[in-house]
Amino acid sequence: MTSSNRKVRLRFAPSPTGSLHIGGARTALFNWAYARRHGGRFILRIEDTDRERSTPEHEAAVLEGMRWLGIDWDEGPDVGGDFGPYRQTERFDSYAELAERMVADGTAYRAFDSTEEIQAMRETWMHSGQKPVYQGRDLDPEESARRAESDPFVLRFRVPEGTTRFTDMIRGEVSFDNGEVDDWVMVRSDGTPTYNFVVVCDDTSMEISHVMRGEEHLTNTPKQVLLYEALGLEPPSFGHFPLILGKDKKKLSKRTGDTAVQSYREKGYPPEAVLNFLCLQGWALDDKTEIFSVQDLIGHFDPADVSKGGSIFDPEKFLWLAGEYVRASEVGDLAERCLPYVVAAGLATEADLRERRDWFERAVATEQERIRLYADLPARIAYLFARDGEVVYDPQAEKNARKHADRLDTLKDYLAWLEPHLQAGSPAEEVRARTRDWVGERGLKFPQLFQPLRCALTGAAGGPDLFDVMELLGPQAVRKRLQAAAERLA
RNA sequence: GGCCCCUUCGUCUAGUCAGGCCUAGGACACCAGGUUUUCAUCCUGGCGACAGGGGUUCAAAUCCCCUAGGGGUCACCA
């Protein structure tokens, strides 16, 4: 394309004005995948030139979010690299010098308009249907230099006549009439450089070969391409991803859904599922595979295959995907990942769970196909930690149990029958089989025993196999819960 | 409002570049069955789309034009 013999170097350049956004994460992911696929480098650069809103805490949160997802970088503020520094505010010196040169050769000029004047112009443009473009209001060089000594000014880029074209890796040929492009501000009156200026400087000096970002940057691209041309530099290849949309079809925002990667982490989404879901926003591995790893992404990602239209973020499908990952987990791993949530819910201490590790894993196994998020587990296994006389009966469970007029006798007789098994510690399979026989011999239907039994043991209307539950509970708890139920269900 | 981008089931998408293999495939959701001690899982089936209109062609979801709709952007934010 633009640069055939350049080394492949891509960057993700978030501004630390908040935690990692779901859209930013996808941008990072695709850039990362492209770099990895082509044996290139992936660079993390912090765009902190908005000093008002940028904070070290946000920067840390962004890095943490990336790490959690498993997107690693070869160069960045924390790991360094040969093209540092990797925070823009630490690179200010290099911008100033270039700006001076551009004023000297006329590709940039000083503008002395006050904020109010600019405001007024914009008002006029918007209401009168004129082109909302600021162009060519520069003074002759001498007057400009003279006024510069007393009055504040900004440096603007002088947009030449013509048409600016570039080949977008996702959209193909894109062109803008230069008459539509503002003589945009490169350097503010306080001497600090603006985004479009800084980006070009940094991408150049960091030898970035491909710039892939969200579609909201599409109109910035001609400004940047023009700057590359004015500087006699070869621009990188550009690509603009479609936006991730909320239910309202507008750019996903906090109003229309959770946008922070961190909040999905807290809710207990497996990071692999988050990554997988992000891939599905605008890209597909093939015509039928929904579940795949980042290795598959790396092996097949091509920006030309990315959809051009925006995609509405579907929380339902996201949840389904999370569940798929949870179900496919190895139980030990799943237990490890759920453990913090069980502790946070106050059901047990970490030490306790680690001591009863085998038991805990078995408990997790009973719920593996019922939970979709790690955070779903605590509520589902809370009954295992309840006091035997105080198991919380779900209204539906109690209703089911009370449907059977013979419930009290059934439970009492069943407990009596069960007692020898409890004492002998009979395995679940055996008790399960024998119980079925017992139900048959007594001429009962299964629900007549199982509904009261489930309510007594777990308090829930649905749940795992009751004989697995009994094993987890242990003989004493089973006894007590059945006895308690004989009173509570009277 | 100007400019730019976009448009396949409700949603995510395959197919569009190289027109026929598309009576448009998959997934989520939904509906109906089945399995199960219940819930969940799992299995089977169903519902459901080429924005509209003109061309080009033997043939168009695919190419061209127009219209409509949606979005983005118009900062001394990034």
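Residue numbering restarts at 1 for every chain, and letters A, B, ... go by the order of the sequence lines.
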If you only use heavy atoms from C-beta on, which nucleotide in [options] is closest to the side chain of [X]?
| X | options | value |
| --- | --- | --- |
| A:K308 | B:rG71, B:rU7, B:rC12 | B:rU7 |
| A:N196 | B:rC42, B:rA78, B:rG71 | B:rA78 |
| A:D287 | B:rA14, B:rA78, B:rC4 | B:rA14 |
| A:K317 | B:rU73, B:rC12, B:rA40 | B:rC12 |
| A:D50 | B:rG26, B:rA78, B:rU13 | B:rA78 |
| A:Q88 | B:rC5, B:rC76, B:rA78 | B:rA78 |
| A:K249 | B:rA29, B:rC3, B:rU11 | B:rU11 |
| A:I312 | B:rC4, B:rC12, B:rU7 | B:rC12 |
| A:D314 | B:rC28, B:rA27, B:rC4 | B:rC28 |
| A:K288 | B:rG25, B:rU73, B:rC28 | B:rG25 |

Ignoring hydrogens and geometry beyond distance, is a side-chain donor-acceptor pair present between A:T192 and A:R51 at under 3.5 Å?
no

Would you say the side chains of A:Q396 and A:N400 form a donor-acceptor pair under 3.5 Å?
yes

What's [X] touching, base or sugar-phosphate or nothing? Going by heavy atoms closer than 4.0 Å.
| X | result |
| --- | --- |
| A:V185 | sugar-phosphate |
| A:E324 | sugar-phosphate |
| A:T192 | nothing |
| A:G214 | nothing |
| A:G309 | sugar-phosphate |
| A:D113 | base |
| A:S175 | sugar-phosphate |
| A:Q451 | nothing |
| A:L243 | sugar-phosphate |
| A:F446 | sugar-phosphate |
| A:E180 | sugar-phosphate |
| A:R51 | nothing |

Please state whether the phosphate of [N], meaning OP1 or OP2, lies under 4.0 angstrom from any side-chain nitrogen or oxygen of [X].
| X | N | value |
| --- | --- | --- |
| A:K251 | B:rU73 | yes |
| A:R213 | B:rA78 | no |
| A:S189 | B:rC76 | no |
| A:R380 | B:rA40 | no |

Name the orientation class of the two ring planes belonging to [X] and [Y] (parallel below 30°, tilted from 30 to 60°, perpendicular beyond 60°).
| X | Y | value |
| --- | --- | --- |
| A:Y374 | A:Y341 | tilted |
| A:F277 | A:F313 | perpendicular |
| A:W417 | A:Y414 | parallel |
| A:F166 | A:F176 | parallel |
| A:H210 | A:Y34 | tilted |

[X] has an atom [atom1]; how far is it from atom [atom2] of [N], in whole Å?
| X | N | atom1 | atom2 | value |
| --- | --- | --- | --- | --- |
| A:R171 | B:rU7 | CZ | C1' | 12 Å |
| A:F241 | B:rC5 | CZ | P | 18 Å |
| A:L285 | B:rG25 | CG | C1' | 15 Å |
| A:D248 | B:rU11 | CG | C1' | 14 Å |
| A:D305 | B:rA14 | CG | P | 8 Å |
| A:F467 | B:rU36 | CZ | C1' | 13 Å |
| A:L280 | B:rC28 | CG | C1' | 10 Å |
| A:R122 | B:rG2 | CZ | P | 18 Å |

Separation of the [atom1] atoms in [N] and [M], to the nearest angstrom:
| N | M | atom1 | result |
| --- | --- | --- | --- |
| B:rA14 | B:rU8 | P | 10 Å |
| B:rA59 | B:rU23 | C1' | 16 Å |
| B:rC9 | B:rG15 | C1' | 14 Å |
| B:rU16 | B:rC63 | C1' | 10 Å |
| B:rU7 | B:rU44 | P | 33 Å |
| B:rG10 | B:rA51 | P | 12 Å |
| B:rA29 | B:rC12 | C1' | 11 Å |
| B:rU57 | B:rC4 | C1' | 32 Å |

Please confirm whether any donor atom in the side chain of [X] sits under 3.5 Å from an acceptor in the base of [N], or the reverse.
| X | N | value |
| --- | --- | --- |
| A:N220 | B:rA78 | yes |
| A:R454 | B:rU38 | yes |
| A:T194 | B:rC76 | no |

Counting only Watson-Crick or G-U wobble pairs whose two distances fall under 3.5 Å, which nucleotide matches [N]?
| N | answer |
| --- | --- |
| B:rC31 | B:rG45 |
| B:rG2 | B:rU73 |
| B:rU23 | none |

Check for me: is A:H217 stacked on B:rA78 by the 5.5 Å centroid and 30° plane-angle rule?
yes

Between A:F292 and A:D286, is there a side-chain heavy-atom distance shorter than 4.5 Å?
no

Can you tell me how far the CG atom of A:L411 sits from the SG atom of A:C455, to the nearest 0.5 Å?
9.0 Å

Neighbour count above 12 (heavy atom, 6.0 Å) for A:R165 CZ
no

